[in-house]
Amino acid sequence: FMISTTDFSIRSILGGYDKNFTYVITCNKTGIQVIIDAAIDLKHISHYLNNQPRAVLITHTHGDHTAYLEEYTKAFPNMIILGHPYSSTELYKVRFKSLEHKQLFNIGKLAFTAIHTPGHYFDSICYHLDSVLFTGDTLFVGRTGRVLSQRSNCNDLYNSVYKSILTLPKNTRIYPGHDYGDRPSITLEQNIKISPLLQAQNNNDFKLRMDDYEANRNMTS
């Protein structure tokens with residue numbers, strides 16, 4: 001992984017359809033800004049923008065994460081859209097650039113790595129920036145994402161979480177796609193301690209833990 005040659009700030013904006021997060025990252029050297037997910041109405045994030053954002057990074061194409069993408073693209077005609085190769089649609093094609101697994105890319109002096117993390121959805125992708133990871137719906141505070149969509153897959157989710165995310169340094173701080181936990185952000189080390197879904201011994205154990213989570217969730221919901 002590359003290291004950015006700048007400090008940066010992260011603004012978390014909460015709202016959308018279901019406690020969604022949109023993040024605005026600002027490079028402290030250049031002032032260049034990047035948006036993670038188009039989940040929040042532009043009027044709620046515009047006062048955090050100091051100029052036209054350079055790019056919006058899409059974590060996956062579930063509707064709540066792309067709800068305001070057309071609004072963003074109309075407001076910012078030079079902004080590019082980055083995401084998984086499977087994420088391209090008619091709306092995106094003019095400005096969409098696909099990112100391969102473990103692809104390194106720079107926006108200004110911000111150094112990102114794209115990590116494909118299918119499971120919750122077929123085109124899920126996480127964005128690694130220095131010691132932080134924007135996880136979309138692959139990993140939340142206290143649990144993983146769920147695998148209820150037609151194009152979800154529990155085996156893929158296990159591999160994405162255990163082989164791609166939990167192998168990162170344990171002080172990596174995650175910024176998830178929804179505010180579903182007891183705090184908005186958490187380190188991997190802390191998350192493993194509080195989440196049974198992150199303590200599985202193997203894939204079969206993970207499936208059992210997922211089944212148990214869903215059964216108990218349904219009983220209490």
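Side-chain atoms are counted along with the backbone in the values below, which use heavy atoms only and exclude waters and symmetry mates.
- In this structure, SG on Cys126 lies 4.0 Å from CD1 on Ile165, to the nearest 0.5 angstrom.
- Classified by interplanar angle (parallel below 30°, tilted 30° to 60°, perpendicular above 60°), the ring pair Phe105/Tyr127 is perpendicular.
- Taken from CZ in Arg11 to OH in Tyr48, the straight-line distance is 4.5 Å, to the nearest 0.5 Å.
- Nearest heavy-atom pair, Gly145 versus Met210, reported as atom, atom and distance to 0.1 Å: O-CE, 3.6 Å.
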Steps toward side-chain contact (heavy atoms from CB on, under 4.5 Å) verdict (Thr172, Glu189) | CA-CA 8 Å; Thr172 301; Glu189 183 176 34; over 6 Å; no
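- Connection of Ile186 to Tyr180 is not established within any shared hydrophobic cluster, with ILVMFWY side chains joined at heavy-atom distances below 4.5 Å, either directly or through further cluster members.
- Each of Thr59, Asp123, Thr66 was scored for a side-chain hydrogen bond (donor to acceptor under 3.5 Å, both in side chains) with Ser87, with one residue passing: Asp123.
- Asp205 has a carboxylate O that lies under 4.0 Å from a charged side-chain N of Arg209, or vice versa, which qualifies the two as a salt bridge.
- With hydrogens and angles disregarded, no donor-acceptor distance shorter than 3.5 Å links the side chain of Gln33 to the backbone of Val24.
- Judged by distance alone, the side chain of Asp41 and the main-chain N or O of Lys43 form a donor-acceptor pair under 3.5 Å.
- With hydrogens and angles ignored, the 3.5 Å screen pairs a side-chain donor or acceptor of Gln190 with a backbone N or O of Thr187.
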I would like to know whether Asp137 and His60 meet side-chain contact (heavy atoms from CB on, under 4.5 Å); could you show each step before the answer?
-> CA-CA 8 Å; Asp137 287 2; His60 64 300; 3.3 Å; yes
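- Of all non-hydrogen atoms in Leu157 and Thr144, the two that sit nearest each other are CD2-OG1, 3.8 Å.
- For His84 and His101, the ring centers are positioned 6.0 Å apart or more.
- Here Ser185 pairs with Arg173 under the side chain to side chain donor-acceptor pair (under 3.5 Å) rule; sequence neighbours left out.
- Of all heavy-atom pairs spanning Phe112 and Leu57, the tightest one is CE2-CD1, 3.9 Å.
- In this structure, Tyr23 has its ring center under 6.0 Å from that of Phe134.
- Contact of the Ile58 side chain with the His65 side chain is not registered, since no non-hydrogen atoms from C-beta on lie closer than 4.5 Å.
- Between Asn216 and Asp212, the side chains place a donor N or O and an acceptor N or O closer than 3.5 Å (distance only, hydrogens not considered).
- In the model, Asn20 has no side-chain atom that pairs as donor or acceptor with a side-chain atom of Asp37 under 3.5 Å.
- Ser160 contributes a side-chain N or O that, together with a main-chain N or O of Pro118, makes up a donor-acceptor pair within less than 3.5 Å.
- Other residues, nucleotides and ligands contribute over 12 non-hydrogen atoms within 6.0 Å of the OH atom of Tyr162.
- A donor-acceptor pair under 3.5 Å is formed between the side chain of Thr73 and the backbone N or O of Glu70.
- Looking only at distances, a side-chain donor or acceptor of Thr30 sits under 3.5 Å from a matching main-chain atom of Ile32.
- Of all heavy-atom pairs spanning Ala111 and Leu129, the tightest one is O-CD1, 3.4 Å.
- Asn191 contributes a side-chain N or O that, together with a main-chain N or O of Gly142, makes up a donor-acceptor pair within less than 3.5 Å.
- Relative orientation of the Tyr17 and Tyr68 rings is parallel, given thresholds of 30° and 60° on the angle between their planes.
- Looking at Arg151, His62, Arg146 one by one, the single match for side-chain hydrogen bond (donor to acceptor under 3.5 Å, both in side chains) with His120 turns out to be His62.
- Remark: Phe122 CZ to Ser124 OG distance equals 9.0 Å, nearest 0.5 Å.
- The CD1 atom of Ile194 lies 11.5 Å from the CZ atom of Arg143; values are rounded to the nearest 0.5 Å.
- Remark: aromatic rings of His178 and Phe21 are distant, center separation not under 6.0 Å.
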